[in-house]
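Only one structure is covered here, and it is reproduced in the block below.
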Protein chains: 2
Amino acid sequence: MDTIALSQDQQRLARMLKALGNPVRFRIIQFLAEHQTCITNDIVQSTPLAQSTISQHLKVLRDAGLIQGEYEGPATCYCLDTEGVRWLKNQIGNWLSECCQ
Amino acid sequence: MDTIALSQDQQRLARMLKALGNPVRFRIIQFLAEHQTCITNDIVQSTPLAQSTISQHLKVLRDAGLIQGEYEGPATCYCLDTEGVRWLKNQIGNWLSECCQ
DNA sequence: TCGTTATATCGTAATTATACGATATAGTCT
DNA sequence: AGACTATATCGTATAATTACGATATAACGA
């Protein structure tokens with residue numbers, strides 16, 4: 001599957017899906033959806049995992065374009081990347097439309 | 001994230017997303033969508049990967065409920081699990097509907 | 001029954017992901 | 001400047017994934 005590569009969009013989509021495929025990251029997205037916006041520590045507090053671990057997961061989600069983070073004083077304020085999430089939902093919505101409804 | 005576990009549906013969803021997050025498996029799904037139905041060897045031929053590798057990927061997709069396979073003589077005939085794909089598309093469609101469109 | 005064909009599974013090596021503690025960085029307040 | 005707070009990054013151990021070749025399984029035809 002190296003010769004028959006994915007398109008740019010498909011690569012982006014696969015990247016997002018992979019990011020979401022991890023249960024911890026999936027929960028982080030849910031958490032952000034419920035809380036609109038919050039700092040890293042809020043997310044850390046909601047889990048039994050170490051701060052460094054969560055920070056790592058946040059990076060993956062950020063790189064995938066699913067969340068955004070901006071500095072607020074010493075903290076980082078995270079929220080969903082609604083643009084990215086919408087794009088993802090759109091892609092999946094149109095995906096395999098010929099065969100699966 | 002062990003204490004605050006995912007629901008049954010969310011686990012199933014995450015499992016599907018993880019399966020699709022791999023570029024090889026993503027291409028297999030595309031291939032099946034284009035060819036409707038085909039045997040393992042057709043998929044193997046379309047890639048530079050070994051037969052055993054593809055077989056392994058097919059198992060992951062099958063376990064995730066994204067494809068179905070049934071024996072046709074010595075071969076296995078694969079096709080999309082339209083039920084599963086539709087469920088996935090539905091889940092993503094309704095997902096985060098409050099915040100993202 | 002004995003090949004032949006098509007897959008699945010096994011054993012295993014190499015890579016990637018996941019988790020942690022320790023440390024670095026950067027803003028804030030005194 | 002110095003202490004405090006919140007995060008990110010580094011180094012590293014462990015686990016999971018991905019790939020391969022070799023082998024097992026199961027149907028089919030001579």
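Order of the sequence lines fixes the chain letters, A, B, ..., with proteins taken first and strands second; residue numbering starts at 1 for each chain.
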Checklist entry - Among residues 74-82 of chain B, which contact DNA chain C at a heavy-atom distance under 4.0 Å? => result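 Within this stretch, B/P74, B/A75, B/T76, B/Y78 sit under 4.0 Å of the strand.
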Checklist entry - Among all residues two or more places apart in sequence or in another chain, which pass the salt bridge (Lys or Arg N to Asp or Glu O under 4.0 Å) test with A/D42? => result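 For A/D42, no residue satisfies salt bridge (Lys or Arg N to Asp or Glu O under 4.0 Å) once neighbours in sequence are set aside.
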Item to check | pair B/V44-B/L49: side-chain heavy atoms closer than 4.5 Å | outcome: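 Result no, sub-4.5 Å side-chain heavy-atom pair not found.
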Checklist entry - Considering only heavy atoms from C-beta outward, does the side chain of B/F26 approach that of A/L13 to under 4.5 Å? => result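 B/F26 reaches A/L13 side chain to side chain.
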Checklist entry - Which value, rounded to the nearest 0.5 Å, describes the distance between B/L80 atom CG and B/Q36 atom CD? => result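 Nearest 0.5 Å value for the CG-CD distance: 8.0 Å.
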Distance, rounded to the nearest Å, where [X] contributes [atom1] and [N] contributes [atom2]:
X	N	atom1	atom2	answer
B/Y71	D/dC28	OH	P	13 Å
B/I39	D/dA26	CD1	P	19 Å
B/N41	C/dT7	CG	P	5 Å
A/I28	C/dA19	CD1	C1'	13 Å
A/L58	C/dA19	CG	P	12 Å
B/Q45	C/dA6	CD	C1'	12 Å

Item to check | With B/R12 via side-chain hydrogen bond (donor to acceptor under 3.5 Å, both in side chains) - residues at least two apart | outcome: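 With sequence neighbours excluded, B/R12 shows a side-chain hydrogen bond (donor to acceptor under 3.5 Å, both in side chains) to no residue whatsoever.
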Item to check | Residue pairs passing the side chain to side chain donor-acceptor pair (under 3.5 Å) test where at least one lies in residues 80-93 of chain B, sequence neighbours excluded | outcome: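 As it turns out, there is no side chain to side chain donor-acceptor pair (under 3.5 Å) pair with a partner in residues 80-93 of chain B once direct neighbours are skipped.
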Item to check | Where at least one partner belongs to residues 50-65 of chain A, residue pairs that pass salt bridge (Lys or Arg N to Asp or Glu O under 4.0 Å), sequence neighbours excluded | outcome: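 Those involving residues 50-65 of chain A are A/K59-A/D63.
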Checklist entry - Just by modelled atom types, is the A/Y78 backbone N or O under 3.5 Å from a matching donor or acceptor in the A/T37 side chain? => result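 At least one qualifying donor-acceptor pair exists.
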Next on the checklist: One character per nucleotide, please: for nucleotides 9-19 of chain D, 5' to 3', B when the base has a protein heavy atom closer than 4.0 Å, S when only the sugar-phosphate does, - otherwise.
Outcome noted: B-------SBB
